[in-house]
Amino acid sequence: IGFAKSGAGEYTFSIFAVVAIALVVSWFVAVIFAPVIGKAIVRAPKAKATDRPDFIQRVYTPILRTAMRMRWLTIALTVAAFALALFAVRFIPQQFFPASDRPELVVDLTLPQSASIFASEATAERLDAILKDDSDVAQWSTYVGRGAIRFYLPLNVQLPNEFFSQVVIIAKDVAARERLHARLEQVLAEKFPDVVSRVYPLELGPPVGWPIQYRVHGPDPEQVRAIALRVAQTLAGHASVRNINYDWMEPKRQLRVRIDQDQARQLGVSSQSLAATLNAAVVGATITQVRDGIYLVDVVARATADERISVDTLRNLQVPLPSGRTVALSQFATFNFGQELPLIWRRDRVPTLTVRADVAHGALAEPVVSEIAPDIAALNGELRNPYRIDTGGIVEESAQSRASVLAVVPVMILLTLMVLMFHLKSFQRVILVLAVVPLGLIGVVASLLLFNRPLGFVAILGILSLLGMVAKNGVILLTQIEADRAEGQAIWEAVISASSSRVRPILLTAGSTVLGLIPIAPTVFWGPMAFAIMGGLLVASVLTLVFLPTLYVTWFRGEEGAADPSPSTKTPASV
């Protein structure tokens with residue numbers, strides 16, 4: 001986690017930092033402070049008439065003996081449960097990061113790209129009037145021509161554009177946010193049909209934007225547009241997809257003024273003076289400045305709005321001549337209409353049109369994209385080189401983030417093996433520990449399915465941290481077994497004795513960890529990780545106490561009532 005080179009790795013780096021510091025400090029506390037305090041306050045126990053085993057040992061020891069006697073059945077059942085867990089992973093919903101549980105809602109308003117900032121302002125004012133009378137709204141901020149400032153780390157910051165506006169709404173609570181979300185989607189669909197709108201809560205994790213995205217690449221913008229339309233038709237055929245739109249698509253109407261240069265030169269009109277006249281009428285010219293506090297504000301003179309959009313006005317626009325007279329622009333210019341694309345996005349300098357969409361309420365983006373994938377792959381296969389369709393959105397970001405973590409996993413495994421080998425000093429014992437480590441997946445899958453939690457990036461981080469917890473329990477148990485064998489006990493009796501003595505600390509450690517995770521289990525962000533660790537640790541602890549001893553006596557051929565043929569003479573390292 002700490003060395004993952006991705007947006008998700010940067011976002012979750014604090015997990016690595018906090019846990020690493022806490023574990024290092026707790027080790028020093030355990031080996032230095034705890035013994036000192038123990039020597040000061042712990043007293044020798046009173047002698048008991050009988051050394052009767054407690055409840056846990058009375059229940060656990062017969063179960064362990066039975067499992068060891070039926071060793072092959074125990075191993076087979078464990079392997080079958082692990083295989084079943086691997087099969088059941090596909091039924092866990094996939095989710096990159098959940099939505100935030102903060103009360104904010106963000107509303108994106110995108111007009112046709114030929115729209116002016118005045119049209120965006122008018123649209124935003126209409127929405128402001130609706131929000132003003134809504135009882136679930138505490139306050140809101142409206143940004144015209146740009147997105148909101150980055151008041152929140154994972155905010156998907158928008159570029160300034162005249163056709164874009166964004167509203168950040170703070171609801172009175174999360175319940176009010178959900179009611180407001182449903183109402184705004186209905187209002188925007190009914191009263192703002194010309195606007196591509198999106199209402200969504202704040203994101204957690206790296207900002208993604210529209211959850212479903214497909215990028216169409218190619219050198220010819222017109223061909224790219226045609227392919228994008230086919231992609232949109234494919235998406236429209238799936239019930240879980242809604243609000244299909246494009247990051248650029250619509251051409252805008254263009255008025256072209258063609259100058260007859262021969263006539264213009266005969267009249268003495270230069271291109272520079274003609275451009276200045278047209279700009280003064282349409283765009284405007286700065287004639288002076290006024291001071292507003294510490295700011296200087298330009299005063300621009302230009303024709304009125306009606307005159308600027310009137311072709312007749314432009315035809316009759318008087319162009320000054322060097323002689324001091326004026327002549328109508330139509331005397332040496334013709335007017336015709338055309339179309340052009342106001343905006344073309346490029347990726348690696350290649351025109352790229354992104355088809356974007358949202359998912360239906362209650363659906364997750366990754367399963368929906370998996371459902372669409374065969375249709376998109378078929379469409380991709382029909383395209384000739386160099387045109388292609390790439391998957392973006394949540395699926396792409398999730399794949400990049402997981403790949404950044406998995407890229408460091410080999411180094412993590414190597415370091416873990418080095419630590420285990422340094423401590424256990426035996427390839428056989430290391431293999432026994434590693435055999436138990438992946439079995440935590442049984443509890444992970446069971447808990448996520450039982451409590452209907454998604455397998456997302458945070459849950460994967462929990463699974464990675466679970467590996468260390470399971471390995472630690474295995475090392476503790478094996479170390480005790482080797483210590484008992486070093487004292488002369490046979491394999492069978494050493495396994496029984498060590499497991500019975502370690503059952504309480506292992507179960508108490510697992511139980512305290514589970515209890516510590518309960519407060520964060522209901523939360524939106526940490527919940528999947530908490531359930532993954534709780535379920536996986538509980539199951540793995542039980543398997544460590546049952547499966548690992550069974551595997552040990554099977555590996556070293558220990559038999560009940562038999563003497564140890566080759567007792568260990570090495571003194572195990574302390575844990």
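The analysis underlying the following values was restricted to heavy atoms, covering all of them including side chains, and did not include hydrogens, waters or symmetry mates.
The side-chain heavy atoms of T554 and W72, taken from C-beta on, include a pair separated by under 4.5 Å. Between L364 and Q94, every side-chain heavy-atom pair lies at or beyond the 4.5 Å cut-off. Contact annotation: the side chain of N156 never approaches that of V208 to less than 4.5 Å [non-hydrogen atoms, C-beta and beyond]. Between L441 and F82 there is a side-chain heavy-atom pair separated by less than 4.5 Å. Between S501 and Q480 the shortest side-chain heavy-atom distance falls below 4.5 Å. Residues H238 and V368 are not in side-chain contact: their nearest non-hydrogen atoms beyond the backbone lie 4.5 Å or more apart. In this structure, the side chains of V216 and Y246 stay at 4.5 Å or more apart for every pair of heavy atoms. No side-chain heavy atom of E397 sits less than 4.5 Å from a side-chain heavy atom of F97.
Rounded to the nearest 0.5 Å, atoms CG (L155) and CD (E203) are 8.5 Å apart. To the nearest 0.5 Å, atom CH2 of residue W210 and atom CG of residue D358 are 5.5 Å apart. The CG atom of L478 lies 10.0 Å from the CG atom of L420; values are rounded to the nearest 0.5 Å. The OH atom of Y552 lies 9.5 Å from the CG atom of L477; values are rounded to the nearest 0.5 Å. A distance of 10.5 Å separates CD1 of I212 from OG1 of T391, quoted to the nearest 0.5 Å. Here the straight-line distance linking atom NZ of K472 with atom CG of L467 works out to 13.5 Å at 0.5 Å rounding.
For the pair D390 (side chain) and R388 (backbone), a donor-acceptor distance under 3.5 Å is absent. At distances below 3.5 Å, not a single donor-acceptor pair connects side-chain atoms of S398 with backbone N or O atoms of I394. Listed for the R429 side chain is a donor-acceptor partner under 3.5 Å among the backbone atoms of L424. In this structure, T354 contributes its side chain and Q213 its backbone to no donor-acceptor pair below 3.5 Å. With R150 contributing its side chain and L153 its backbone, the two residues share a donor-acceptor pair below 3.5 Å. Side chain of S499 to backbone of I496: no donor-acceptor contact under 3.5 angstrom is found. In this structure, S26 contributes its side chain and A22 its backbone to a donor-acceptor pair below 3.5 Å. The main-chain N or O of S401 is found under 3.5 Å from a side-chain atom of S404 such that the two form a donor-acceptor pair.
Atom CZ of F151 is surrounded by more than 12 heavy atoms from other residues, nucleotides or ligands within 6.0 Å. Shown here is E178, whose CD atom has more than 12 heavy atoms of other residues, nucleotides or ligands within 6.0 Å. By the 6.0 Å contact criterion, CE on M421 is enclosed, its count of non-hydrogen atoms from other residues, nucleotides or ligands being greater than 12. Within a 6.0 Å sphere centred on CZ of R346, other residues, nucleotides and ligands contribute more than 12 heavy atoms.
Seen from the ring of Y200, R198 counts as a face-on cation partner, given the 6.0 Å and 45° thresholds. The cationic atom of K425 (NZ for Lys, CZ for Arg) lies less than 6.0 Å from the six-membered ring centre of F422 and within 45° of the ring axis.
Aromatic ring pairs are classed by plane angle as parallel below 30°, tilted from 30° to 60° and perpendicular above 60°; the pair F13 and F16 is tilted.
Taking both residues in full, the closest heavy atoms of V405 and A4 are given as CG2-CB, 3.9 Å, listed atom of the first, atom of the second, then distance. Pairing each heavy atom of L449 with each of A88, the nearest pair is CD1-CB, 4.0 Å. Scanning both residues, P207 and P154, for their nearest heavy atoms gives CB-O, 3.2 Å. Across Q489 and S497, no two heavy atoms sit closer than the pair OE1-CB, 3.6 Å. Contact detail for E559 and W492: the closest heavy-atom pair is O-CB, 3.4 Å. Here the closest heavy-atom approach between residue S541 and residue N473 is recorded as OG-ND2, 3.7 Å.
Aromatic ring centres of Y11 and F457 lie farther apart than the 6.0 Å criterion allows.
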Go through D247 and T352 one step at a time and tell me if the side-chain contact (heavy atoms from CB on, under 4.5 Å) criterion holds.
-> CA-CA 9 Å; D247 62 344; T352 303; over 6 Å; no

Could you please spell out the steps behind the side-chain contact (heavy atoms from CB on, under 4.5 Å) verdict for Y152 and R102?
-> CA-CA 11 Å; Y152 176 70; R102 292 171 51 137; 3.5 Å; yes

Going through the distances and angles, do I15 and W526 end up as a side-chain contact (heavy atoms from CB on, under 4.5 Å)?
-> CA-CA 11 Å; I15 302 176; W526 300 109; 3.4 Å; yes

Please assess L439 against V470 for the test side-chain contact (heavy atoms from CB on, under 4.5 Å), listing each intermediate value before the final yes or no.
-> CA-CA 9 Å; L439 299 181; V470 178; over 6 Å; no

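Side chains of D348 and H217: a donor-acceptor N/O pair is absent below 3.5 angstrom, by distance only.
Paired with Y214 under the rule side chain to side chain contact (heavy atoms under 4.5 Å, CB included), one option of T234, V369, I227 passes, and it is V369.
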